[in-house]
Amino acid sequence: MIVAPPPAGPVPYAKDLSIAFLRDMVRIRRFEEKCAQAYGEGRIRGFLHLYIGEEAVAVGAMHALEPADNVVATYREHGHAIVRGLSMDRAMAEMYGKREGCSRGHGGSMHLFDAATRLFGGNAIVGGGLPLAVGLGLADRMQGIQRVTACFFGEGAMAEGAFHESLNLAALWKLPVLFLCENNLYAMGTALARSESQTDLCIKAASYNVPTLSVDGQDVVAVHEATLQGQRHVREGRGPFFVEYRTYRFRAHSMFDSELYRDKREVEAWKTRGPLHTFSARLKAEGKLTEEEFLALDKAAVAEVDRAVAFAEAGTLEPVEDLLKDVVASS
Amino acid sequence: MIVAPPPAGPVPYAKDLSIAFLRDMVRIRRFEEKCAQAYGEGRIRGFLHLYIGEEAVAVGAMHALEPADNVVATYREHGHAIVRGLSMDRAMAEMYGKREGCSRGHGGSMHLFDAATRLFGGNAIVGGGLPLAVGLGLADRMQGIQRVTACFFGEGAMAEGAFHESLNLAALWKLPVLFLCENNLYAMGTALARSESQTDLCIKAASYNVPTLSVDGQDVVAVHEATLQGQRHVREGRGPFFVEYRTYRFRAHSMFDSELYRDKREVEAWKTRGPLHTFSARLKAEGKLTEEEFLALDKAAVAEVDRAVAFAEAGTLEPVEDLLKDVVASS
Amino acid sequence: MKISYREAMRQALREALIADPRVFLMGEDIGLYGGTYAVTKGLIDEFGPERVRDTPLSELAFVGAGVGAALGGMRPIVEVMTVNFSLLSLDPIVNSAACFRHMSGGQFHVPVVIRISTGAGRQVAAQHSHSFENWYASIPGIKVLAPATVADARDMLAPALADPDPVVIFEHVQLYNLEDEVPDERASDIRSAAVRRAGRDVSLVTYGGSLPKTLEAARELAKEGIDAEVVDLRVLRPLDTATVLASVRKCRRAVVVDETWRTGSLAAEVMARIAESAFYDLDAPLARVCSEEVPIPYAKHLEDAALPQAAKIAAAARATLGR
Amino acid sequence: MKISYREAMRQALREALIADPRVFLMGEDIGLYGGTYAVTKGLIDEFGPERVRDTPLSELAFVGAGVGAALGGMRPIVEVMTVNFSLLSLDPIVNSAACFRHMSGGQFHVPVVIRISTGAGRQVAAQHSHSFENWYASIPGIKVLAPATVADARDMLAPALADPDPVVIFEHVQLYNLEDEVPDERASDIRSAAVRRAGRDVSLVTYGGSLPKTLEAARELAKEGIDAEVVDLRVLRPLDTATVLASVRKCRRAVVVDETWRTGSLAAEVMARIAESAFYDLDAPLARVCSEEVPIPYAKHLEDAALPQAAKIAAAARATLGR
Ligand SMILES: Cc1ncc(C[n+]2csc(CCOP(=O)(O)OP(=O)(O)O)c2C)c(N)n1
Ligand SMILES: Cc1ncc(C[n+]2csc(CCOP(=O)(O)OP(=O)(O)O)c2C)c(N)n1
Ligand SMILES: [Mg+2]
Ligand SMILES: [Mg+2]
């Protein structure tokens, strides 16, 4: 099982930013490890899609965006939400189905919404976010707002008609939409080559006259640089941009996946490309990180997660009488 | 208003075949001129989409197919149906809403079906035929039947998700489907450049790893040669093939179109590239056609159309009691 | 002075575009072509291609983009040419537009208006003639309107745009040429049904393209001394059950008229509500006149036979009176 | 010996693949992954990737391809993972599969079977929990089945495949783990409803995932001396009205239980038919227990509150008896 060599090379960022990236990756990892545990204990239910192994993508990409930008994500969005600025407390409370959750317990793991950070969900319809992102971009363009709409989706979504129609609309109308494809090689159990006649995703996107970049999604530096370039293009009003992040899902698709479709050795091989340990090793090599600093930020992340769990457990249940509240505006 | 020069050059076919092509183009033209007249007289109702100006496409393409092949067409399918072998009688009776019509008067102009020639309709959902064609191809492949499914659609359909999903499936599974795009530059009133970010349709199709050809759709020779090449590729089991026919609609989109979206001069310029007069001129220049022969075949076409009208007018109405017959199999 | 339903709708669109810079129109061939039913004719010349936006053939994406634009602060009016094509757009409507307010815990809402032409009667056959108002009316999170008069065609759009949630407006293709006088003052009610003809003997409940046929039936019945009341639902979601029940309680007999297919029709829902709430007030079984359960055929005589007609409605009304 | 609903369905699929070379399965992750609900687990090993065909995420095209393959002589069994996603496939089902026989004047027919998992109860929230059986049951040209027992899960597929027209089979996700004894002999009835519990006092009409809840309610009621009859519709289109009416005429009271949203529910259609045909046999207003009109929420207590439950069903039944 051959995979590319682990990400390496100099990290072109000051110590603070470098450590901020590492910290956010660790925060996501610790958060999700706890989610998995809570799921095992029956405290979180429904579908739970872990991002473990892909953290460099959300971290490198989110840090390339402005606070005023729009973010549209998928059902595998814990990392995106947390790095975007949603508190772990409200994210965890949401998964616990509590009223203090970001979506008042209505959405759960797949539907983290946060108006404050302009996170438009957590969409569990594969490809469902793309047309919405096109519309958000159109709204900004028509209102003269200088803003980027970042739309995350998996490579599996590219087989959907929604992808085709959305890329064409965005390119035809030169809309400020940044299409960010997390290519983790599988859509549930379906490998890319079993779902796309053309496996070079940039060729697909380029066929709409959209500029593209493909980078190692395990390398937070490569992710960040590519996303910076993409968002600059979009922000300058030059139309949409497409970035492919080549990454890998270390865990099962969801909690109902016996992983019959892939070889354990493939997973192990990819783990040599883990975004956290490879990046921390680079930082250490450059003297930007000491073991003590690493342990400290890890400890802080664990503490933050524990507080979030405590917050979630202390949370309250929305009264059943309010079931129909917010279906439509109360008049 | 600049358009390409009229189709010219030697016609590489024997006199008989050459005249057969001309005859079929004339038959379509005369048939549709009569349809337009009957519509004006209120004998044909609903939507009527004329193919006038595009005849070389259906004629050149159909003559490249085998009788056992499948054909999937659009609502602009009179020409395809007639050249495929549906009698003008049953086609005209259908438009008159008579029981003797090919679809018993249930479908009308947009839904000409003919099991005998494996014409799977007349589909009035833009892009609706493509997934069906993929399925027909899959059925043949799984049954080991050596057959081509020819799927006609307009360039406007290429913006639909159905196009994207269908091309990917056909290419991914190497299905025997011949995708035939009639690019007449407009989808109703929407010019290609106002609907596609990439106006080179072959680039779009090629992005699915499907081989492509683009030819002058006003030149029945170019159409026939390209379609022959495409069907050979498909018949040899090498997967789908895409052909773009660059053509033009001389008439309005339907009977409810004031053509506000295009310049009369553009239409006039394209008429210099009319498929009938340019082809008959070439045949005459080569001595393959005399004026007498032309007048004779035109006369024959007119007579055939008149017989069809007589047949349609003599047709009967399906009894209202049979309204619910054939909604499902009568058990 | 009389105007047509088409003109009334165009006037409403024009006024909306003038009144609010956030409003824009988007759909297939609404601009240069002038609109399939000429409703938007001329608007692109007045407001330009940005605000009267022709789209490619991409029903899923442009309806979804309308939802996104509404989330982004605009007030899009999206046109879907025919309700059959709207099946391609149901995902963004049901799974996004209708869900977002609740699923986000009230953080987001989707003020989009979606105009859909519906119905049969022009011999355009099965893929262009169906009616799915019943499906849309069953979706929590959206409002559904069915203007059946020239005045409603003019007056329902503004309150729909003012509504903070998604509103779907169904325009029956047979109504576009309908002409009528319209009052100068504007109504803004998108909450109640309207009694279009007061009567005592039987309540005829309908909406949209079936209203003219139902009124015609009522005139026929009047000649026979049967005084029918005609209720126009106007708002298909949420249904104004109170007005329907009041009429039924008065007449003690009801026929529901609806162009959707009989099984699962909107009429069925109206009947269910009557059976739940006005059972003891009924003197006869409930009845309905809907479309026959067949893909709408092209041939005129078959299409006519497939659809509700005044004669069928009158017959059903008579039957409830044992005549 | 007991088997689960899931195993029964798998057995039926397996037998169909063995019995007819024209049969093949197609859908998302039905092969290597083993099926989202493990229904198809192992079948790809036995029958290979051609006949147990994993598809890309292209609901419109692979359902449409199933329709085309049926036109081409195969007997496809297409699986759509969740009914919410099937909104993306409605166009080929409504505008092609359901129309072709009639629109072609009887020349073509579409023997495709489409399996769709439906329903809530697993806290997977609004985009994965809805029920649209009511919509499908309103489409002329197709049959709609809802096996609610282990035996029906095993026995309804074969006759569905033998049917020359499109058949949609709804499998409620809460039924997959249901276990029961199954008789050796096979039933082949996809025409009639079944009385699952005979009773005299009130008729409870239901189907699919609501059947276990309704039977539970009937047991509760029995303790109070209320003898409820439980009718399982089994076939949602065409509805077996005769069996429903016979039960209602006997009990003179009826409650319809259905997980689709109340407004426009399948329950509404059943009530409409009763109100049309058994009005004089009723001693009390008709009632229904459906899903509340809300996008199904994630939190357990809210999801439970949104769905029909045995207690609500029992309460509605008591109310029809004035208790
Ligand atoms: C329209 C639709 N079809 C199918 C599904 C079921 N489903 C959920 S996730 C998933 C795989 C998506 O793969 P990809 O887009 O690559 O994202 P990843 O899960 O790999 O991050 C599928 C098939 C869905 N949620 N929506
Ligand atoms: C799904 C769908 N959307 C819209 C329409 C309305 N419509 C009918 S024909 C047409 C234009 C199609 O253009 P094209 O595919 O280029 O074919 P052409 O008419 O030019 O031959 C449109 C928009 C339709 N029939 N189906
Ligand atoms: Mg993936
Ligand atoms: Mg065209």
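Chain naming here is simple, since letters A, B, ... match the order of the sequence lines and numbering starts at 1 in each. Model, not experiment: these values are computed from the prediction.
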Just how far is it from atom [atom1] of [X] to atom [atom2] of [Y], taken to the nearest 0.5 Å?
X        : Y        : atom1 : atom2 : result
D:Leu87  : C:Ser89  : CG    : OG    : 11.0 Å
D:His102 : C:Leu302 : NE2   : CG    : 7.0 Å
C:Trp135 : D:Leu90  : CH2   : CG    : 5.0 Å

Members of [range] whose heavy atoms come closer than 4.5 Å to chain C:
range                       : result
residues 248-263 of chain D : D:Trp261, D:Arg262, D:Thr263
residues 287-295 of chain D : D:Arg288, D:Glu293, D:Val294, D:Pro295
residues 270-277 of chain D : D:Met271, D:Ala272, D:Arg273, D:Ala275, D:Glu276

Which of the residues C:Leu60, C:Leu239, C:Asn84 is involved in the greatest number of heavy-atom pairs with chain D at under 4.5 angstrom? C:Asn84
I'd like to verify something: which residue of C:Val94, C:Ile296, C:Leu266, C:Ile93 has the highest number of heavy-atom pairs under 4.5 Å with chain D?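 Max contact count across the listed options: C:Val94.
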Most contact-rich option vs chain C, by heavy-atom pairs under 4.5 angstrom, among D:Asn95, D:Leu286, D:Leu88, is D:Asn95
Counting heavy-atom pairs under 4.5 Å with chain C, which one of D:Gly264, D:Gly141, D:Ser138 comes out on top? D:Ser138
Using non-hydrogen atoms only, which part of D:Asp281 is less than 4.5 Å away from chain C: side chain, backbone, both, or neither?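 The answer is neither part of D:Asp281.
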Which bit of D:Arg237 comes within less than 4.5 Å of chain C, counting heavy atoms only: side chain, backbone, both or neither? side chain
Check each atom of C:Ala267 against the heavy atoms of chain D and say whether the ones under 4.5 Å are side chain, backbone, both or neither.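 Contact with chain D: none, neither part.
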Please state whether the side chain, the backbone, both or neither of C:Tyr298 comes within less than 4.5 Å of a heavy atom of chain D. neither
On a heavy-atom basis, which atom in C:Tyr280 and which in D:Pro285 lie closest, and how many Å separate them?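 Where C:Tyr280 meets D:Pro285 most closely, the heavy atoms are OH-CD, 3.3 Å.
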In terms of heavy-atom contacts, D:Glu269 and C:Ala268 come closest through OE1-CB, 3.4 Å
Name all residues meeting the side chain to side chain donor-acceptor pair (under 3.5 Å) criterion together with C:Ser86; count only those two or more places apart in sequence or in a different chain, and write none if there are none. C:Tyr136
